[in-house]
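Working notes for the structure below.
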Amino acid sequence: MAQFNTVLICPQHWGLGHVTRTIPIIRYFISKNCKIILASSGAGLELLKKEFPDLPLYEIPDYGINYPFKSMYLNIAYQFFKMNYAMIQEHFVLKRLCKEHHVDLLVSDSRLGAAQRKIPSVIIAHHLHFRLMFKFVEWICDTWMKLFYIQFDQLWVPDVQGSQNLSGDLAHLYRSRKHFFIGILSRFQKLNIPIKYDYCFMLSGPEPQRTYLEEIILKQIETLKPSKCILIRGTSKGINIDAYALNYQSFLEIKNLVTGHELNAIMCASEFIICRSGYSTLLDLAIIQKPALLIPTPGQPEQEYLAEQLMESGLFYTVNQDAFQLETDLHKAIQFKGYVPISGTLNLEERLDELLLKLKQKFPDR
């Protein structure tokens, strides 16, 4: 690898997926003996502290993304100015951190305002195209997003090229000379370990929809007795898990946040997964190859599109959150096989070595 001495890595937090998929990137730079600076917000900070307690970690502005409406158009309008203001703040906070720590490489996951002039800047993203009902609105959103992407020196897409890919139109309709596919980016490994749980419920994503799904599950979960279940909440806020754990102790284990190693083991020790159809979750499922029931976050057409494509392909069953009936939908979902091994998988270390060499050639003084 072309050596960069100090690397600032700043994943977005509007759900934990952007944070979790940077974990193998962080480990890559650690293996190269780089000095690592981490920056994030919200539950992303908590997770990074768990994963990398010895690395310096800074809080930076949060986009405050939430999905109060089922309509993506209302969600976009509601958050447009708030997001742009947060990105301006984000840019200058990261600029200060870069100066204080003499950063010579910045890696963002979906933080659109992170790019810095005169410092090599990379963004990790897969959502490069909006699929919306009205083409004109779709074009406006795509153009707005591309204006941010072109500020970065490279765009790393966590997917593979070719017809057997995970992101479909979201990444494969995008055209530029700066974007590169880096393979299936997951912190997980497929572990051959004994089954401990019949069902693993994984909650994630922006509020208030994470809480709404949690409430639906907890109201219906007694229908699964005497199955052994585990619920990973994805947050330390909200319900008193001690009280719930006492009520359901015979069949339900509840955890707030877990490290990647713990979650890897829990998912591989589970017969079946119930989760969002967020892209980072799909990356993990592609590695561990477990069957799952997918529940898209309402108002997120990206998740709805991915879930619909997977159901049409016969890989996963999906159901809308409002229509979710736990016992009935699980019976339908177990008929779907989940991911099979994906061809064209790239070696992450070799691919990043190659891309960073290109970047070093562009910035020989760094």
Side-chain angles (χ1 to χ4, degrees), residues 15-17 20 43 47 50-51 186-205 209-278 280-296 307 310 315-319 321 323-339:
L16 292 176
T20 60
L47 183 59
K50 277 181 169 285
E51 293 284 348
S186 172
R187 57 191 166 152
F188 288 172
Q189 295 178 319
K190 187 176 181 179
L191 304 175
N192 294 315
I193 56 178
I195 296 297
K196 182 179 179 181
Y197 305 103
D198 296 297
Y199 301 105
C200 171
F201 295 85
M202 287 173 46
L203 300 179
S204 61
Q209 298 301 335
R210 190 214 64 82
T211 295
Y212 292 162
L213 180 56
E214 180 174 58
E215 291 170 349
I216 292 169
I217 289 168
L218 289 174
K219 283 178 183 178
Q220 300 184 32
I221 200 163
E222 288 199 60
T223 62
L224 298 183
K225 282 183 176 179
S227 301
K228 181 64 176 175
C229 305
I230 184 167
L231 170 66
I232 311 297
R233 301 184 61 242
T235 182
S236 58
K237 299 178 181 178
I239 66 169
N240 181 344
I241 65 168
D242 292 333
Y244 273 93
L246 186 63
N247 289 336
Y248 297 131
Q249 62 183 343
S250 63
F251 74 103
L252 175 64
E253 185 177 342
I254 302 177
K255 292 181 178 288
N256 283 332
L257 292 165
V258 295
T259 66
H261 291 297
E262 288 178 279
L263 187 57
N264 191 176
I266 289 168
M267 290 178 70
C268 288
S270 300
E271 192 75 43
F272 198 87
I273 313 293
I274 298 91
C275 58
R276 294 296 193 191
S277 52
S280 298
T281 300
L282 299 182
L283 292 171
D284 294 339
L285 289 174
I287 294 296
I288 66 172
Q289 294 169 24
K290 287 283 182 176
L293 189 161
L294 304 178
I295 308 169
L310 289 166
L315 297 177
F316 296 96
Y317 179 76
T318 181
V319 61
Q321 182 171 293
F324 179 43
Q325 294 296 320
L326 182 55
E327 191 174 17
T328 302
D329 289 315
L330 278 177
H331 181 71
K332 295 176 182 177
I334 60 175
Q335 310 301 319
F336 290 72
K337 59 187 178 182
Y339 280 120

Can you name the side chain to side chain contact (heavy atoms under 4.5 Å, CB included) partners of S277, sequence neighbours left out?
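With neighbours one apart ignored, the set is L294, P296, Q303, A307.
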Mind checking what makes side chain to side chain contact (heavy atoms under 4.5 Å, CB included) contact with K237, not counting sequence neighbours?
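K237 satisfies side chain to side chain contact (heavy atoms under 4.5 Å, CB included) with T235 only.
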Identify, with sequence neighbours excluded, every residue that meets ring-ring contact (aromatic ring centres under 6.0 Å, His included) alongside [X].
X	result
F272	none
F316	Y339
F188	none

Considering only heavy atoms from C-beta outward, does the side chain of [X] approach that of [Y] to under 4.5 Å?
X	Y	result
L263	T20	no
M267	L285	yes
I232	V258	yes

Tell me, please, which residues at least two apart from [X] pass side chain to side chain donor-acceptor pair (under 3.5 Å).
X	answer
K190	Q289
N256	R233
S186	D284

Any pair counted as side-chain hydrogen bond (donor to acceptor under 3.5 Å, both in side chains), so long as it reaches residues 323-336, sequence neighbours left out:
Y317-D329
Of all residues at least two apart in sequence or in a different chain, which pass the salt bridge (Lys or Arg N to Asp or Glu O under 4.0 Å) check with R210?
E207, E214
Partner set under salt bridge (Lys or Arg N to Asp or Glu O under 4.0 Å) for E222, not counting sequence neighbours:
K225
Please collect all salt bridge (charged side-chain N to carboxylate O under 4.0 Å, His left out) contacts where either partner lies in residues 248-267, sequence neighbours excluded, each pair once.
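Non-adjacent pairs meeting salt bridge (charged side-chain N to carboxylate O under 4.0 Å, His left out): E253-K255.
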Interatomic distance, [X] atom [atom1] to [Y] atom [atom2] [nearest 0.5 angstrom]:
X	Y	atom1	atom2	answer
F201	S270	CZ	OG	10.5 Å
L330	F324	CG	CZ	6.0 Å
L326	T223	CG	OG1	4.5 Å
I230	D198	CD1	CG	12.0 Å

A quick test of your reading: do over 12 heavy atoms of other residues, nucleotides or ligands sit less than 6.0 Å from NZ of K196?
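Not more than 12 within 6.0 Å, no.
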